[in-house]
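Here's the structure, in structure tokens; my notes come after.
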Amino acid sequence: MKKFFSAVLAVTALLVLTLFSAGCNDSKSSDKIIVGVDNNPPYTFINQPISIILDDGISTASVAKEPLYQGFDVDVITAAAKKAGLTIEFRDIAFGKMFEQIEQGKNIDVAIGGVSITDERKKTVDFTIPYAKGGACIVAFKNDNITNAADLAGKTVGAELNTTMVQQTGAIKGAKIRGYQNQQDMFIDLFNGDLDAIVMDKMSAEYTLRERKMNRLKIVNMLSNEEFAMVVKKGNTQLTEKLNKALAEMEKSGEMKKIYDKWFAKQ
């Protein structure tokens, strides 16, 4: 009889231990966030941009099979997550799909990558506090007589779909808008003569022209000023507050400026 009760106690203890262990694992898994990123240098990109566009044309660079997530926003959320006690799994997702995925609570918990805060977007998603500032600018060839937005009347202008650049381009009187899924295709069409100019984020434009040595292009002027933040599912105050606290600490300590200077300081 004693042996029987000993066996029962052993099984019970094992069951309790198993349940406890499962509970601990669930707790750990709740500290993991899935972060959606798009190929949007210099904010976020996977490995290196697939093609390097030079003044003489386009040369295709090889890309590693294993994804390597890099960029200003990748560094920001990596540092913020560490402070907040969160682990990250990055997931490659098109910019235009990010808001839908966040709103529906599918696949990703946070979206990043030069995302501007707008009143329209606030209707369906929540934002963290802003951690960077940007804005729309015009990119054109140096030898073209394009010096301001008015000069784009009657010209074909590229803008990336599902971004605030579409609205900025649409506000230019007489401009013909052509939408693109990514920046790379815009630059290809600009060099091919299918576009007269591009409207894009100024920080991204400065980085791209410098890194890809596009010496024939110029940045004309600013069309808007915007603030960037991380996107979180509406009502997920716990995650938003954790990230906000981490971002505020990074700003106060100077860590945010170090990350910013790494990607955008004049070289």
Side-chain angles (χ1 to χ4, degrees), residues 27-46 68-93 95 97-103 105-136 162-165 201-204 206-207 222 224-266:
S27 174
K28 287 182 179 179
S29 64
S30 67
D31 292 334
K32 178 182 177 180
I33 55 173
I34 310 297
V35 179
V37 298
D38 187 25
N39 231 22
N40 182 25
Y43 301 110
T44 55
F45 53 88
I46 300 99
L68 174 62
Y69 297 92
Q70 306 178 63
F72 169 68
D73 285 48
V74 171
D75 285 355
V76 169
I77 197 167
T78 298
K82 184 177 180 180
K83 286 185 178 297
L86 301 169
T87 58
I88 295 176
E89 177 185 330
F90 288 108
R91 189 164 294 175
D92 181 14
I93 182 169
F95 188 90
K97 296 289 185 181
M98 287 183 179
F99 299 96
E100 175 187 326
Q101 299 281 326
I102 289 285
E103 184 182 352
K106 290 182 178 179
N107 301 321
I108 56 175
D109 302 301
V110 180
I112 60 169
V115 182
S116 302
I117 302 172
T118 68
D119 290 336
E120 187 64 27
R121 289 171 176 172
K122 284 181 180 179
K123 294 177 182 178
T124 57
V125 298
D126 284 342
F127 287 94
T128 63
I129 58 175
Y131 55 86
K133 293 182 179 180
N162 301 301
T163 69
T164 56
M165 304 305 146
D201 175 71
K202 186 173 185 289
M203 288 161 61
S204 182
E206 289 178 341
Y207 176 88
M222 293 291 288
S224 67
N225 292 293
E226 302 173 359
E227 292 183 315
F228 299 146
M230 300 175 189
V231 186
V232 182
K233 182 176 172 59
K234 202 163 191 64
N236 191 350
T237 55
Q238 185 178 14
L239 178 56
T240 304
E241 287 172 0
K242 283 183 178 180
L243 292 172
N244 281 344
K245 182 180 178 182
L247 291 171
E249 289 176 359
M250 291 167 63
E251 185 67 35
K252 186 177 180 179
S253 68
E255 185 175 2
M256 188 69 74
K257 185 179 185 303
K258 288 181 180 178
I259 297 174
Y260 180 91
D261 287 347
K262 170 185 173 182
W263 291 97
F264 300 113
K266 299 292 184 183

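Just so it is clear, the structure is predicted and the values come from calculations on it, not from any experiment. One is the number of the first residue; the rest follow in order along the sequence.
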Expected output: side-chain N225 to main-chain G135 donor-acceptor under 3.5 Å:
no

Distance-only, no hydrogens or angles: does the D75 side chain make a donor-acceptor pair with backbone N or O of I259 under 3.5 Å?
no

What is the distance from atom [atom1] of [X] to atom [atom2] of [Y], rounded to the nearest 0.5 Å?
X: E255; Y: L247; atom1: CD; atom2: CG; value: 10.0 Å
X: T124; Y: I102; atom1: OG1; atom2: CD1; value: 10.0 Å
X: E100; Y: K97; atom1: CD; atom2: NZ; value: 5.0 Å
X: E251; Y: Y260; atom1: CD; atom2: OH; value: 11.5 Å
X: Y69; Y: I112; atom1: OH; atom2: CD1; value: 11.0 Å

Write down the atom of [X], the atom of [Y], and the distance for their closest heavy-atom approach.
X: A132; Y: F72; result: CB-CE2, 3.9 Å
X: S204; Y: P41; result: OG-O, 2.9 Å
X: E103; Y: K233; result: O-NZ, 3.0 Å
X: L243; Y: M230; result: CD1-SD, 4.1 Å
X: R121; Y: S116; result: NH1-O, 2.8 Å
X: I108; Y: I93; result: CD1-CD1, 4.3 Å

Is the number of heavy atoms from other residues, nucleotides or ligands within 6.0 Å of NZ (K83) greater than 12?
yes

Count the heavy atoms belonging to other residues, nucleotides or ligands that lie under 6.0 Å from NZ of K234, then report whether that count exceeds 12.
yes

Only one of V232, T237, I33, L86 forms a side-chain contact (heavy atoms from CB on, under 4.5 Å) with K242, so which one is it?
L86

Going by the side-chain contact (heavy atoms from CB on, under 4.5 Å) test, name the single residue among N107, D109, I88 that passes it with I34.
D109

Under a 4.0 Å N-O cut-off, is there an ion pair linking K257 with D261?
yes

Ionic contact status for K202 with E206, cut-off 4.0 Å
yes

Step-by-step side chain to side chain contact (heavy atoms under 4.5 Å, CB included) determination, N236 to D126
CA-CA 8 Å; N236 191 350; D126 284 342; 5.9 Å; no

Those residues that, when tested against F127, pass ring-ring contact (aromatic ring centres under 6.0 Å, His included) (two or more places apart):
none

I'd like to know whether W263 forms a side chain to side chain contact (heavy atoms under 4.5 Å, CB included) with V74, so could you lay out the CA-CA distance, the side-chain angles of the two residues, the decisive distance to 0.1 Å, and finally the verdict.
CA-CA 11 Å; W263 291 97; V74 171; over 6 Å; no

Quick one: does Y131's side chain get under 4.5 Å of I77's, heavy atoms only?
no

Measure up the F99 and F95 rings against each other and bin them: parallel (under 30°), tilted (30 to 60°), perpendicular (over 60°).
perpendicular

Would you please test T118 and T164 for side chain to side chain contact (heavy atoms under 4.5 Å, CB included) and show each step?
CA-CA 9 Å; T118 68; T164 56; 3.7 Å; yes

Please lay out, stage by stage, how F228 and D201 fare under the test side chain to side chain contact (heavy atoms under 4.5 Å, CB included).
CA-CA 11 Å; F228 299 146; D201 175 71; 3.3 Å; yes

Is it true that Y43 and D38 share a donor-acceptor pair across their side chains at a distance under 3.5 Å?
no

